[in-house]
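Contents: one structure, followed by commentary.
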Amino acid sequence: MEVAKNRLSFSLDEADIIEGKSIEALRDRSTYPIPDQTEWLERTLNRNVLITTLDKVLNWGRHYSTWPFGSGLACCAMEMVATASSRFDMARFGMEIFRASPRQADLMIVAGTLTWKMARALRLLYDQMADPKWVLAMGACAVSGGNFAHSYSVVPGVNRVMPVDVYVPGCPPRPEALLYGFMKIHDKIEAMSIQHKAVGIPALDDRAKVVEA
Amino acid sequence: MTKAVVSEELAGKLSKSIPDAVEEITESWVVVKPQSLLQVAIHLKQSPDLAFDYLNCLTAVDYMEYMEVIYILTSMKHNHSLVLKVRCNRERPEVPSVTGLWKGADLQEREVYDLLGISFTGHPNLKRLFMWEGFEGHPLRRDYL
Ligand code: SF4
């Protein structure tokens, strides 16, 4: 069935076809991983008192209020929940407030197996987060596809669809490992400066296309 | 605990009302022919001494030579259960849909259709469930690669 463009309403069947096409378009476009953005960490800055003081204040604020957006996609989500609850207690770092909306979150914790059908939605959520934003890939599945890397439906690593800042391996990683991942995110935040624009976030070639395709 | 229905007894009852329906009986399941599946299902649900009013689960297996759809049924009234199977050929797998009898079969039949490609005739909305529209092949088939 051909679906006419420039229409405002679609039947359910047509909506399914549009969705299928956009999933396939995303899959065809994501044949290689998005390279990790690390070069800015090594960039030398010309230090001056005003900038460093401002950086310190901003980074201090960001460091202690990294609100996560929990995308619990599979079993790893249980460990993420454990990390948030009293025994491991993420609240110590000011990040216990799991936001249900990407608009209010700074850190996306991708906990679990990402399927191609979900990838489109996750990418959309990532795009909706406000800069500066961070992505933590939790577990073997999110890092590389894990057990299911060669499966018919699983994305082999979330870095196919969005840039990742910290990888936490394990199946599932223990809460301590996830906390260590948070420390690494915090280290990156500490290294930020207002001198570079939109740190850590690469300009993605076809952001818009992913959504509309 | 839920008792399993004795297959021989059930086959005896079935053959009285629907002759030639049963293909094979073992201790733990009954295999019926696809063309008489619907009749058998109606009988199982409506006859008062069987009264299978609940479909626990519906699944399917690809055995390379043929494919098998499996229905696990329970009767709330008599507290007994039954495993019913139906075999269909692999090239054009077609089995009548039981959504009319057990509403819960709807999504499960769609799942089986999606992953194994068995088409359920008479299903109200037989579309892919897990894979997206336009996906090629049926991934749980043994020869899918
Ligand atoms: S890495 Fe292991 S625990 Fe985590 S989502 Fe994958 S299979 Fe589940």
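Nothing here was measured: the structure is a model prediction, and the numbers come from that model. We name chains A, B, ... by the order of the sequence lines, and we start the count at 1 in each one. Basis for what follows: all heavy atoms, side chains included, without hydrogens, waters or symmetry-related copies.
Across all non-hydrogen atoms, the minimal contact from Ile17(A) to Glu133(B) is CG1-CG, 3.9 Å. For the residue pair Lys117(A) and Leu129(B), the shortest heavy atom distance occurs at NZ-O, 3.2 Å.
Around OH of Tyr64(A), the count of heavy atoms belonging to other residues, nucleotides or ligands within 6.0 Å does not exceed 12. No more than 12 heavy atoms of other residues, nucleotides or ligands lie within 6.0 Å of OH in Tyr180(A), so this atom counts as exposed by the packing criterion. Atom CZ of Arg92(A) has more than 12 heavy atoms from other residues, nucleotides or ligands within 6.0 Å. Residue Lys3(B) places its NZ atom among more than 12 non-hydrogen atoms of other residues, nucleotides or ligands, all under 6.0 Å distant. By the 6.0 Å contact criterion, CG on Asp20(B) is open, its count of non-hydrogen atoms from other residues, nucleotides or ligands being 12 or less.
Under a 4.0 Å N-O distance rule, the pair Asp16(A)/Arg128(B) does not qualify as a salt bridge.
Using a 4.5 Å cut-off between heavy atoms, Phe135(B) touches chain A through backbone and side chain atoms alike.
Among Gly20(A), Ser151(A), Ser153(A), the residue making the largest number of heavy-atom pairs under 4.5 Å with chain B is Gly20(A).
One side chain, Trp132(B) or Glu24(A), offers a donor N or O that lies under 3.5 Å from an acceptor on the other.
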